[in-house]
Amino acid sequence: MSIEKEIKAGVAKAVKALYDVDVNEDSIQVSATKKEFEGNLTVVVFPFLKASRKGPEQTGSEIGEWLEKNVAAVEKFNVIKGFLNLTIAQTHWVDLLISIAADDDFGFKKATEESPLVMVEYSSPNTNKPLHLGHIRNNLLGYSLACILQANGNRVVKTNIVNDRGIHICKSMLAWQKWGEGITPEKAGKKGDHLIGDFYVLFDKHYRGEVKQLIEQGMTEDEAKAQAPLMLEAREMLRKWEQKDPEVRRLWAMMNGWVYEGFDETYKRLGVDFDKIYYESDTYLEGKDLVLAGLDKGIMYRKEDGSVWADLTNDGLDHKLLLRGDGTSVYMTQDIGTAKLRFRDYPIDKMIYVVGNEQNYHFQVLSLLLDKLGFKWGKDLTHFSYGMVNLPEGKMKSREGTVVDADDLMDAMIADAREASAERFADMSREEADEVARKVGLGALKYFLLKVDPRKDMQFNPKESIDFNGNTGPFLQYTYARIRSVLRKAGEFDPQEAAKAQPDEIETQLIQKISDFPAVLAEAGRSYSPALLANYAYDLAKTYNRFYYDHPVLKEENSAVRALRLLISAIVARTLRNTVALLGIEMPERM
């Protein structure tokens with residue numbers, strides 16, 4: 001049991017004993033005492049005034065006195081207005097550390113067959129281009145969120161929907177037909193997703209040229225975009241695809257196969273995976289059937305051009321297109337079908353979509369439509385809406401070929417890590433140095449993207465992310481490697497010997513921070529925020545480094561004190577490793 005949980009249980013018992021009122025432990029507010037006051041933990045007293053019918057200071061004093069007499073962990077207390085500051089007995093901190101050390105799964109909850117089943121969707125790439133920096137943030141957020149939810153005792157299914165059909169796919173296919181000259185990834189010496197992305201950019205280049213020419217001939221911009229020969233050909237290809245034209249389908253299958261191989265390589269390198277992958281080409285027909293059924297029931301309506309719409313004005317929204325006049329589907333149709341299949345395949349208790357905040361409206365509409373179509377779980381869908389990630393140069397544009405490619409970015413981060421750590425790698429073999437550089441480079445990338453509140457837009461700065469002294473992944477990794485080096489040099493020690501020592505102020509702080517891990521993990525799960533864990537790890541590492549510089553470990557002559565410091569070091573290392581593992585970050589054993 002963490003110290004916070006122990007205090008909450010004690011306060012609940014105190015309120016019951018003193019005022020005969022039952023209090024839910026989860027509602028009791030306990031936090032670290034502010035530095036300017038004496039104590040380790042502070043309890044907010046105001047919620048208990050109704051029960052005590054007394055002022056905040058008297059209520060705080062009565063609860064403090066009860067805790068001092070009945071809870072062994074509480075050594076003394078003081079009350080500042082409505083805040084009860086508790087000093088925890090030094091011996092209790094050491095006992096707590098030893099008990100945490102004995103629990104390899106401290107802070108983690110194990111799922112059972114009765115645990116909620118949560119599905120997390122992330123990635124959702126298009127098969128017309130490689131993954132880019134925006135996809136990296138999406139994948140890291142989704143994967144980390146899945147890990148956090150699982151660590152909080154949920155059963156989790158990680159899922160991906162691949163947008164493998166639509167006009168954007170046909171653009172790449174048409175460009176390959178026209179200008180590809182039979183090129184393959186093997187002939188080009190490129191990953192398949194990169195090759196297809198090149199043709200998507202090539203289509204846009206020629207298309208913009210056609211649009212410009214038509215405007216010069218007197219068309220409006222909208223007319224030119226709609227009537228450009230390349231766009232008309234692409235739309236015709238999409239119609240043929242939906243009619244299952246054999247030639248178009250063969251081309252589609254071949255080019256998508258190239259992309260899937262490329263995606264798999266990127267996912268593996270990034271360290272993310274999926275339990276189930278859905279494909280829009282399989283789900284869009286399910287969505288079309290549901291939309292047409294909704295049309296029959298009067299939930300949808302058809303316009304004169306044959307397109308099908310939903311009127312959502314009574315729900316505070318507008319009219320939403322679901323099927324085009326030519327019968328082709330839109331993203332919303334696909335998402336309706338995918339949702340149906342997922343709930344058919346799994347008894348999901350919670351569905352979470354990890355998608356950028358530019359799609360907030362889309363998921364408002366999806367939730368409403370599923371509810372109107374009779375799916376009870378429609379209103380319970382959760383859109384984990386996150387902010388955009390940009391570079392100092394500004395936003396990325398796939399069509400213009402100005403995106404930051406995920407593979408290129410990972411290459412650059414690993415190269416930067418190798419360059420920044422050249423001196424540290426001097427005594428390593430080439431293989432070990434490469435492996436450490438990989439962990440440090442990717443750790444820098446992952447930590448920088450995950451330490452920010454996911455709901456905020458952010459700017460990614462590669463140089464800042466690789467700093468070994470700031471709030472970065474490499475700083476955490478170096479702290480971990482330093483501790484592991486100390487423990488290797490120390491050899492075996494008896495953790496029980498630490499019980500004879502009295503921790504000083506910073507040692508107590510470290511033990512308290514370690515004991516905070518379950519509460520931080522639980523809150524990260526409640527608020528869907530990997531950033532809470534990232535910043536907890538940074539705070540723990542920063543505190544440990546202050547301790548390390550002021551407190552000899554290996555040179556300490558007092559065996560009990562030495563054992564205490566080694567035990568603190570070992571559990572800090574374990575906690576750091578476990579925390580950043582939930583962010584998908586690997587720890588090198590030495591640097």
Would [X] and [Y] count as having a side-chain donor-acceptor pair, cut-off 3.5 Å?
X      : Y      : result
Asp335 : His362 : yes
Asn163 : Tyr331 : no
Asn154 : Ser115 : no
Asp345 : Tyr278 : yes
Tyr361 : Asp318 : yes
Tyr536 : Asp516 : no
Tyr267 : Ser123 : yes

Nearest heavy-atom pair of [X] and [Y]: which atoms, and what distance?
X      : Y      : value
Asp349 : Pro116 : OD2-CA, 3.4 Å
Pro530 : Leu141 : CG-CD2, 4.2 Å
Gly356 : Tyr386 : N-CE2, 3.2 Å
Ser144 : Leu582 : OG-O, 2.8 Å
Val520 : Leu532 : CG1-O, 3.8 Å
Ile585 : Gly443 : CD1-O, 3.9 Å

Could you check if a side-chain atom of [X] sits within less than 4.5 angstrom of a side-chain atom of [Y], using non-hydrogen atoms only?
X      : Y      : value
Arg239 : Asp245 : no
Ile148 : Leu533 : yes
Met413 : Ser465 : yes
Arg269 : Asp411 : yes
Arg438 : Glu586 : yes
Val118 : Ile348 : no
Tyr528 : Arg455 : yes
Phe263 : Pro125 : yes

Roughly how far apart are [X] [atom1] and [Y] [atom2], rounded to 0.5 Å?
X      : Y      : atom1 : atom2 : answer
Asn138 : His132 : CG    : NE2   : 9.5 Å
Leu442 : Leu409 : CG    : CG    : 9.0 Å
Leu290 : Leu369 : CG    : CG    : 10.5 Å

Between [X] and [Y] (side chain of the first, backbone of the second, donor and acceptor by atom type, cut-off under 3.5 Å), is there such a pair?
X      : Y      : answer
Ser367 : Phe363 : no
Thr159 : Val120 : no
Glu223 : Thr220 : yes
Asp371 : Gly378 : no
Arg137 : Gly387 : yes

(message) Ring centres under 6.0 Å, that's the criterion: do Tyr284 and Tyr279 meet it?
(response) no

Do the charged groups of [X] and [Y] touch, with an N to O distance under 4.0 Å?
X      : Y      : value
Lys191 : Asp407 : yes
Arg324 : Asp305 : no
Lys240 : Glu247 : no
Lys268 : Glu265 : no
Glu121 : Arg342 : yes
Asp198 : Lys190 : yes
Lys129 : Asp193 : no
Lys288 : Glu242 : yes

Would you list the atom pairs, donor with acceptor, under 3.5 Å between side chains in residues 254-262 and any protein atom, with sequence neighbours excluded?
residue : atom : partner : partner atom : Å
Asn256  : OD1  : Thr127  : OG1          : 2.8
Asn256  : ND2  : Asp164  : O            : 3.3
Tyr260  : OH   : Asp164  : OD2          : 3.4

(request) Hey, can you tell me if Tyr301 and His319 have their rings parallel, tilted or perpendicular (30° and 60° cut-offs)? (result) perpendicular

(request) For Phe343 and Phe375, run ring-ring contact (aromatic ring centres under 6.0 Å, His included): C-alpha distance rounded to whole Å, both residues' side-chain angles, the deciding distance at 0.1 Å, then the answer. (result) CA-CA 10 Å; Phe343 279 85; Phe375 298 105; 8.3 Å; no

(message) Please determine whether side chain to side chain contact (heavy atoms under 4.5 Å, CB included) holds for the pair Ile161 and Gln334, giving the CA-CA distance in whole Å, both sets of side-chain angles, and the decisive distance to 0.1 Å.
(response) CA-CA 10 Å; Ile161 173 68; Gln334 163 238 297; 3.6 Å; yes

(request) Just do the side chain to side chain contact (heavy atoms under 4.5 Å, CB included) check on Trp252 and Met173 with the steps written out, would you? (result) CA-CA 7 Å; Trp252 169 78; Met173 291 164 59; 3.7 Å; yes

(request) In sequence, state the C-alpha distance, the side-chain angles, and the governing distance for Tyr353 and Phe384, and then conclude on ring-ring contact (aromatic ring centres under 6.0 Å, His included). (result) CA-CA 6 Å; Tyr353 293 87; Phe384 177 41; over 10 Å; no

(request) Report yes or no: is the cationic atom of Lys451 (NZ for Lys, CZ for Arg) closer than 6.0 Å to the six-membered ring centre of Phe448, at no more than 45° off its axis? (result) yes

(request) Could you walk me through whether Ile336 and Glu286 pass side chain to side chain contact (heavy atoms under 4.5 Å, CB included), step by step? (result) CA-CA 8 Å; Ile336 291 171; Glu286 293 279 352; over 6 Å; no

Can you tell me if [X] has over 12 outside heavy atoms packed within less than 6.0 Å of its [atom1]?
X      : atom1 : value
Glu221 : CD    : no
Glu358 : CD    : yes
Lys109 : NZ    : no

(request) Applying ring-ring contact (aromatic ring centres under 6.0 Å, His included), name anything that partners Tyr122, two or more places apart in sequence or on another chain. (result) Phe274

(request) Would you please test Trp377 and Tyr346 for ring-ring contact (aromatic ring centres under 6.0 Å, His included) and show each step? (result) CA-CA 13 Å; Trp377 33 264; Tyr346 297 92; over 10 Å; no

(request) Verify side chain to side chain contact (heavy atoms under 4.5 Å, CB included) between Lys320 and Leu322, making sure each step is shown before the conclusion. (result) CA-CA 6 Å; Lys320 178 63 183 176; Leu322 297 174; 4.2 Å; yes

(request) Show the numbers, then the answer: is there a side chain to side chain donor-acceptor pair (under 3.5 Å) between Asn471 and Tyr447? (result) CA-CA 9 Å; Asn471 182 6; Tyr447 184 83; 2.4 Å; yes

